[in-house]
Number of protein chains: 2
Amino acid sequence: MGYPVNAFFTAPMTEHTPKIKRNSKRNSARMNIHTVAQLANVSIATVSRTINHNPTVNLKMAKRVWEVIRELNYLPNTQARALVSGRSRLLGLIVSEITNPFFPELIQGFEDAAVEHGYEILIGSTNYDPERMKGCIRRMVERKAEGVAVMTFGIEEPLLDQLADRHVPLVFVDVGPDRPGISLLRVDYHHGIRQGVQHLAALGHRDIAFVTGPLRLHSAHSRLAAFQRAIQECGIAVDPKWIVEGDHTMEGGIAAAEKLLAGAKLPTAVMCSNDMTAIGVLHKAYRAGLRVPDDLSIIGFDNIHITQMTIPPLTTIQMSCFDLAREAVMALRAQVEQTPAPKRDYPIETQLVVRETTGFPRGTMLQLRKEGDSAKSDPPGKSSTV
Amino acid sequence: MGYPVNAFFTAPMTEHTPKIKRNSKRNSARMNIHTVAQLANVSIATVSRTINHNPTVNLKMAKRVWEVIRELNYLPNTQARALVSGRSRLLGLIVSEITNPFFPELIQGFEDAAVEHGYEILIGSTNYDPERMKGCIRRMVERKAEGVAVMTFGIEEPLLDQLADRHVPLVFVDVGPDRPGISLLRVDYHHGIRQGVQHLAALGHRDIAFVTGPLRLHSAHSRLAAFQRAIQECGIAVDPKWIVEGDHTMEGGIAAAEKLLAGAKLPTAVMCSNDMTAIGVLHKAYRAGLRVPDDLSIIGFDNIHITQMTIPPLTTIQMSCFDLAREAVMALRAQVEQTPAPKRDYPIETQLVVRETTGFPRGTMLQLRKEGDSAKSDPPGKSSTV
DNA sequence: TCGGCTTCGGTAAACCTTTTCCCAAATATT
DNA sequence: AATATTTGGGAAAAGGTTTACCGAAGCCGA
């Protein structure tokens with residue numbers, strides 16, 4: 001500091017020495033902005049400005065620089081850029097379980113939205129384990145993610161302090177602490193679930209069971225509450241015996257179905273907190289010799305890709321994970337880039353998709369048959385989507 | 001220069017200015033190794049040594065430093081560490097499509113193995129698009145991944161030069177250029193596929209179709225070749241009409257099944273290049289009113305989790321993606337950490353898993369029935385694994 | 001032809017950490 | 001008690017980039 005800046009202009013020799021030193025190092029396969037500058041016969045500042053599309057660089061020179069960059073296949077060192085600019089251009093995404101097909105679809109959407117806006121993503125999978133969650137958060141902080149979307153549908157509050165304390169913008173699903181820098185994606189579970197319940201009620205179902213997600217998670221409660229509200233709206237009583245806790249896995253679905261089958265009276269329809277659970281229930285029904293939908297109607301939740309291919313294709317409630325992902329990125333960007341007034345709430349729609357696992361309950365069917373209306377045996381809405 | 005502790009010994013006034021500037025910045029929520037050093041009353045070097053468990057730091061001092069680190073919730077800046085140490089501790093993983101359930105399982109395994117050895121992962125999903133592949137590779141280089149596993153089961157050669165030229169260790173599946181720094185994971189497709197073919201042949205199948213993967217991919221050819229060899233070993237002729245190209249998606253499976261169904265003569269069994277294809281075929285069979293396995297036997301490949309839950313559960317050939325992932329990390333580590341003699345070849349086993357989509361072909365079944373052996377109608381090996 | 005203005009390009013500091021080198025202090029040895 | 005040896009810790013450079021600041025060159029009008 002404080003040296004007369006241009007003193008050296010008149011004394012080239014002293015400056016030459018370090019330059020040579022640089023060259024010798026560079027020859028050993030080390031490529032950086034200096035290499036480019038040297039080959040293009042410009043200063044590193046010019047190279048940097050060219051790369052960052054600074055308009056003060058003259059076109060001819062820019063072209064020359066780009067040519068050298070191409071020729072060398074030069075790519076700037078992201079770490080160095082992030083270090084000096086203070087921007088990592090990294091968004092974090094924390095999910096429950098990467099092996100649940102819902103999440104890869106979400107990840108894909110998140111990545112596409114992020115890349116579109118010049119960000120990259122850092123994925124963390126908690127597997128419902130607080131230890132792993134802690135690790136994920138640590139990594140997000142260490143790598144200086146500029147924002148983190150917590151899509152685990154539930155998070156231990158104390159853990160997120162690590163992030164909140166560092167003023168990392170966060171986005172949650174459903175619920176989260178009300179602080180500045182924290183956005184919420186509010187899923188309107190009620191709309192889709194009510195459609196599902198009404199669909200079942202219209203078919204004549206009165207004995208409707210519900211398999212929840214893990215009740216530690218807030219989203220599981222939200223979905224259950226939406227179900228209970230919808231059921232009551234239809235004037236049906238909710239029998240607590242038919243509310244069974246699952247864990248959002250296929251195995252959990254099987255276990256839940258077993259519990260239901262063990263009861264004295266069977267429900268005629270089951271709604272599930274997610275599609276994987278529904279697939280488990282469907283499988284158990286198959287094993288138990290129940291025909292779907294004749295003996296048991298099943299509705300899932302999420303509308304993951306594979307539900308189109310189950311046998312029979314699953315009626316489910318769509319929650320667009322692309323919307324969810326896009327909104328999450330939007331919310332994060334709004335915080336990071338300080339768009340004037342960042343909304344805190346981003347609503348997400350849900351929507352019933354009728355496929356072929358829902359039909360008349362057995363009793364009704366017989367009744368209809370008796371009335372000579374056998375053509376009706378085709379469930380309504382068959383393959384309305386597929 | 002100008003670090004707090006000894007600044008005053010030399011030239012207090014001139015050096016004092018930056019110190020104040022630093023502090024003022026630090027107060028505004030900026031935390032780094034200097035903050036820790038200051039609070040612990042040591043130099044930054046000591047803090048760094050403590051963090052890196054350098055044994056020359058005396059225990060008492062280390063304890064004091066760790067306490068401050070804890071109290072501040074300090075986490076070192078990964079970018080800066082990577083920049084100076086030249087080690088990003090990042091491993092890249094490039095997959096075909098994250099929404100194909102095989103890959104999340106692979107990713108999970110890869111991440112677990114990486115984290116176990118102190119690495120983190122960078123995921124790229126190509127969606128079979130060379131443009132995206134290019135982007136993935138660029139990101140891997142930019143972020144300075146220390147090694148990259150290319151699990152797309154096929155890569156455009158010129159693209160990988162970007163990585164090879166930079167001496168980034170690579171690991172491929174099946175096939176890859178024979179250069180130093182490139183390891184191969186050799187999957188023994190033949191073993192599992194032969195088991196599958198023999199299983200079908202033993203049941204009496206002679207008319208066996210095969211739905212390949214996208215033939216641009218080398219792994220598709222490998223699997224097809226393994227099938228053809230196995231078929232010939234069983235003394236069955238391969239009818240080229242029954243080799244149909246799929247694309248590793250469920251939709252591709254449906255399309256392939258449609259092509260097969262349109263033929264004059266139907267095969268009695270179909271082997272598929274992956275499970276998603278098999279699920280598509282299974283679905284098409286269901287739509288066409290064919291019973292599985294009575295009218296059509298189906299065998300998949302990969303043994304993804306969901307195959308346990310298809311209706312009926314899918315007979316498939318297991319390729320342990322955890323093994324694959326673990327071996328990939330091992331191979332990369334061997335290169336990165338210069339273990340004495342890094343093996344180039346890592347063999348991966350495949351294994352038939354018999355579930356319930358394979359049974360006697362229709363003709364045989366009737367024949368057996370005629371022979372009064374109706375008890376045999378249960379296919380052999382039923383749920384031998386589930 | 002010269003002075004002032006514009007425009008373009010170079011220099012060095014800053015970002016945060018690791019690591020080498022070196023010095024000082026503490027302990028051991030004669 | 002004085003020197004040799006060990007140990008612990010501080011200073012500073014390096015790593016690759018961005019950017020503020022400043023100098024130089026070119027251009028125009030007078």
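Letters go in sequence order (proteins before strands), and every chain restarts at 1.
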Nucleotide of [options] approaching [X] most closely (side-chain heavy atoms):
X: B:Ile33; options: C:dG10, C:dC16, C:dT17; result: C:dT17
X: A:Ile44; options: D:dG9, C:dA12, C:dG9; result: C:dA12
X: B:Thr56; options: C:dT11, D:dT17, D:dG8; result: D:dG8
X: B:Ser48; options: D:dT18, C:dT19, D:dG9; result: C:dT19
X: B:Arg49; options: D:dG16, C:dG9, D:dG10; result: D:dG10
X: B:Ala80; options: D:dA12, D:dG9, C:dC16; result: C:dC16
X: A:Asn58; options: D:dT17, C:dT17, C:dC8; result: C:dC8
X: B:Ser43; options: D:dG10, D:dA14, C:dT11; result: D:dG10

**Request:** Check step by step if side-chain contact (heavy atoms from CB on, under 4.5 Å) holds for B:Val65 and B:Arg49.
**Result:** CA-CA 10 Å; B:Val65 173; B:Arg49 279 190 285 252; over 6 Å; no

Is the phosphate of [N] approached by [X] (side-chain N or O, under 4.0 Å from OP1 or OP2)?
X: A:Thr46; N: C:dG10; answer: yes
X: A:Asn77; N: D:dG15; answer: no
X: B:Tyr74; N: C:dT17; answer: yes

**Asked** What's the CZ-C1' distance between B:Arg87 and D:dG15, to the nearest Å?
**Response**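 Rounding to the nearest Å, CZ of B:Arg87 and C1' of D:dG15 are 16 Å apart.
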
**Request:** May I have the distance from A:His53 (atom NE2) to D:dT18 (atom P), rounded to whole angstrom?
**Result:**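 So the NE2-P distance, A:His53 to D:dT18, works out to 12 Å.
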
**Message:** What verdict does the side-chain contact (heavy atoms from CB on, under 4.5 Å) test give for B:Ile94 and B:Met140, after you've listed the backbone C-alpha separation in whole Å, the side-chain angles of each residue and the deciding distance to 0.1 Å?
**Reply:** CA-CA 9 Å; B:Ile94 299 182; B:Met140 302 286 163; 3.9 Å; yes

**Fill in**
On DNA chain C, more 5' by nearest nucleotide between A:Pro55 and B:Arg81 is A:Pro55

**Message:** Please determine whether a side-chain nitrogen of the Lys or Arg among A:Arg81 and B:Glu142 lies less than 4.0 Å from a carboxylate oxygen of the Asp or Glu.
**Reply:** no

**Asked** Is the closest side-chain heavy-atom distance between A:Arg138 and B:Leu75 below 4.5 Å?
**Response**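 A side-chain contact exists here, since the closest heavy-atom pair is under 4.5 Å.
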
